Amino acid sequence: MKKINFSAGPSILPQQTIEETAKAIMDFNGSTLSLMEVSHRGKDFQAVMDETVELFKELLEIPAGYSVIFLGGGASLQFCMVPFNLLEKKAAYLNTGTWANKALKEAKLFGETVEVASSKEANYTYIPKNYTIPTDADYFHITTNNTIFGTEIHTDLDSPVPLVADMSSDIFSRPVNVSKYGLIYGGAQKNLAPAGVTFVIVKDELLGKVTRPIPTMLDYRTHIENGSMFNTPPVVPIYAAMQTLRWLKANGGVPAMYKKNKEKAALLYNEIDRNPVFKGTCQVEDRSIMNVCFVLSSEYEGNEADFLALAKERGLDGLKGHRSVGGFRASIYNAMPIEGVQALVDAMQEFEKKLVK
């Protein structure tokens with residue numbers, strides 16, 4: 001029995017992505033060479049890079065004037081690349097979780113930063129609202145989905161300054177109006193590809209305005225000018241990303257995926273709210289449709305190990321919650337079928353029957 005992967009990342013991938021990438025690792029395009037050993041500057045891999053960029057632009061409806069590049073270092077490297085390239089006088093940050101806080105910490109090394117709002121005092125169980133974005137900031141940074149705490153910003157915010165977003169764990173899960181953003185970035189290992197590649201979507205006109213010297217490898221313009229091939233790119237994750245984007249397009253694109261994601265999330269949250277054994281951890285209006293966090297109700301605390309054992313018996317993997325929250329976390333990214341969520345709901349109902357007399 002193949003396990004159902006609820007891990008927050010590296011996470012579940014479409015079967016097509018796994019199978020086609022495995023084939024290419026054995027024999028890329030009938031060359032008898034592995035994808036892992038072909039030249040990244042050869043025409044066959046250049047075609048992969050070109051298609052991946054074009055699929056990004058098509059599926060997200062990225063307007064003219066934006067570049068799509070692929071880098072190493074994960075989203076964590078972007079925590080410093082963003083201020084390196086954009087922060088001249090001041091940057092504003094919304095603190096909604098661990099990763100947002102880490103991004104803010106890095107930005108402080110480059111200049112003045114403003115934390116416009118934070119939900120840290122409530123262990124990040126909600127998305128702050130009714131805050132003021134300073135109009136003299138060079139940019140406003142948000143983390144749209146918080147994998148650890150299970151909260152999400154569900155709309156594209158209006159900002160008086162360029163909006164920068166870490167979309168590592170919800171990219172392609174809902175339609176995005178890219179024109180509202182100056183820069184979007186994310187690690188691939190949540191909703192796109194294996195770990196090892198980071199995507200950046202950047203509005204070209206924002207670059208080249210800071211007065212500080214930028215190391216060559218940390219300058220976005222370097223990678224734009226060289227088509228993400230200034231140095232050897234992570235070819236296998238990029239190829240896998242292309243396969244995921246092909247799968248996404250064949251299955252109706254982002255609007256269709258958003259519809260399915262809302263259905264999956266509703267199925268699971270409805271069970272959490274109905275089942276007396278479990279309870280959610282976040283404010284209802286801010287619940288993530290990608291990472292569902294829940295714990296045992298107070299009268300059933302101490303039974304976490306028993307539920308995880310039941311889940312394991314049923315082939316449900318990766319459900320243990322992050323230590324910051326405890327309990328359980330079900331990551332239901334694009335590739336998670338609704339049947340997987342139903343299997344979890346069935347396990348929760350079986351566990352209820354064992355505990356509730």
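All figures in this text were calculated on a predicted structure; none of them were measured in a lab.
In this structure, a donor-acceptor pair under 3.5 Å is present between the side chains of S288 and N145. In this structure, a donor-acceptor pair under 3.5 Å is present between the side chains of S67 and D204. A donor-acceptor contact closer than 3.5 angstrom links the side chains of T17 and T244. In this structure, a donor-acceptor pair under 3.5 Å is present between the side chains of D166 and S168. One side chain, D170 or T144, offers a donor N or O that lies under 3.5 Å from an acceptor on the other.
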Checklist entry - How far apart are the C-alpha atoms of L245 and E51, what are their side-chain angles, what is the distance that settles it, and do they pass the side chain to side chain contact (heavy atoms under 4.5 Å, CB included) test? => result CA-CA 9 Å; L245 297 176; E51 182 178 348; over 6 Å; no
Checklist entry - Where do F6 and M336 land on the side chain to side chain contact (heavy atoms under 4.5 Å, CB included) test, with the steps shown first? => result CA-CA 8 Å; F6 289 97; M336 174 63 69; 3.6 Å; yes
Next on the checklist: If you apply the rule side chain to side chain contact (heavy atoms under 4.5 Å, CB included), what do you find for N146 with I127, and how did you get there?
Outcome noted: CA-CA 10 Å; N146 301 289; I127 300 293; 3.8 Å; yes
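A309 meets the side chain to side chain contact (heavy atoms under 4.5 Å, CB included) test with no other residue; sequence neighbours excluded. Annotation: ring-ring contact (aromatic ring centres under 6.0 Å, His included) contacts of F45 (sequence neighbours excluded): none. Here F56 pairs with F70, F172, F199 under the ring-ring contact (aromatic ring centres under 6.0 Å, His included) rule; sequence neighbours left out. Taking K354 as the reference, nothing meets the side chain to side chain donor-acceptor pair (under 3.5 Å) condition, with sequence neighbours excluded. Annotation: side chain to side chain donor-acceptor pair (under 3.5 Å) contacts of K262 (sequence neighbours excluded): none. Residues meeting the side chain to side chain donor-acceptor pair (under 3.5 Å) test with D273, sequence neighbours left out: R287. Under the rule for a side chain to side chain donor-acceptor pair (under 3.5 Å), S119 has no partner lying at least two apart in sequence or in another chain. Under the side chain to side chain contact (heavy atoms under 4.5 Å, CB included) criterion, V236 pairs with T21, I25, L35, M36, sequence neighbours left out.
Without hydrogens or angle criteria, D317 side chain to I4 main chain gives no donor-acceptor distance under 3.5 Å. For the pair E205 (side chain) and G65 (backbone), a donor-acceptor distance under 3.5 Å is absent. Side chain of R174 to backbone of N261: no donor-acceptor contact under 3.5 angstrom is found. S11 places no side-chain N or O within 3.5 Å of a backbone atom of S7 that could act as its donor or acceptor partner. In this structure a side-chain-to-backbone donor-acceptor pair under 3.5 Å is present from R212 to L87. With hydrogens and angles disregarded, no donor-acceptor distance shorter than 3.5 Å links the side chain of R246 to the backbone of Q16. Distance alone, capped at 3.5 Å, is enough to place a donor-acceptor pair between the Y66 side chain and the V178 backbone.
No chain of hydrophobic side-chain contacts below 4.5 Å, direct or via other Ile, Leu, Val, Met, Phe, Trp or Tyr residues, connects M229 to M217. Criterion: ILVMFWY side-chain heavy atoms under 4.5 Å apart, direct or through other members. Under it, Y124 and V295 are not part of a common hydrophobic cluster. In the hydrophobic clustering of this structure, I224 does not group with L55; members are Ile, Leu, Val, Met, Phe, Trp, Tyr whose side-chain heavy atoms approach within less than 4.5 Å, directly or through other members.
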Can you give the donor-acceptor pairs under 3.5 Å from side chains of residues 179-196 to other protein atoms, not counting sequence neighbours?
residue	atom	partner	partner atom	Å
S179	OG	N177	OD1	2.5
K180	NZ	D156	O	3.3
K180	NZ	D158	OD1	2.7
Y181	OH	D156	OD1	2.6
Y185	OH	H141	NE2	2.8
K190	NZ	A8	O	3.4
N191	OD1	N334	N	3.0
N191	ND2	I171	O	2.9

Tell me which donor-acceptor pairs under 3.5 Å the side chains of residues 298-305 have, and how far apart each pair is, sequence neighbours excluded?
residue	atom	partner	partner atom	Å
N303	ND2	Y300	O	2.8
E304	OE1	G302	N	3.1

With a cut-off of 3.5 Å and sequence neighbours excluded, list every side-chain donor-acceptor pair involving residues 99-106.
residue	atom	partner	partner atom	Å
N101	OD1	N95	ND2	3.3

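Side-chain contact between D306 and F351 is present, with at least one heavy-atom pair separated by less than 4.5 Å. Considering only heavy atoms from C-beta on, M348 comes within 4.5 Å of L268 through its side chain. Side chains of N85 and D219 form a contact here, defined as non-hydrogen atoms less than 4.5 Å apart.
Salt bridge annotation for D136-K89: absent, with no cationic side-chain nitrogen under 4.0 angstrom from a carboxylate oxygen. A salt bridge does not link K260 to E263: none of the charged nitrogens lies less than 4.0 Å from a carboxylate oxygen. Salt bridge K353/E350: absent, no basic N to carboxylate O contact under 4.0 Å. Contact check on K108 versus E115 returns no salt bridge, with no Lys/Arg side-chain nitrogen under 4.0 Å from an Asp/Glu carboxylate oxygen.
For residues 217-238, the set of pairs meeting the ring-ring contact (aromatic ring centres under 6.0 Å, His included) definition, not counting sequence neighbours, is empty.
Ring orientation note: the planes of F307 and F328 are nearly perpendicular, at an angle over 60° on the 30°/60° scale. The aromatic rings of F294 and F278 stand perpendicular to each other, their planes meeting at an angle above 60°, with 30° marking the opposite boundary.
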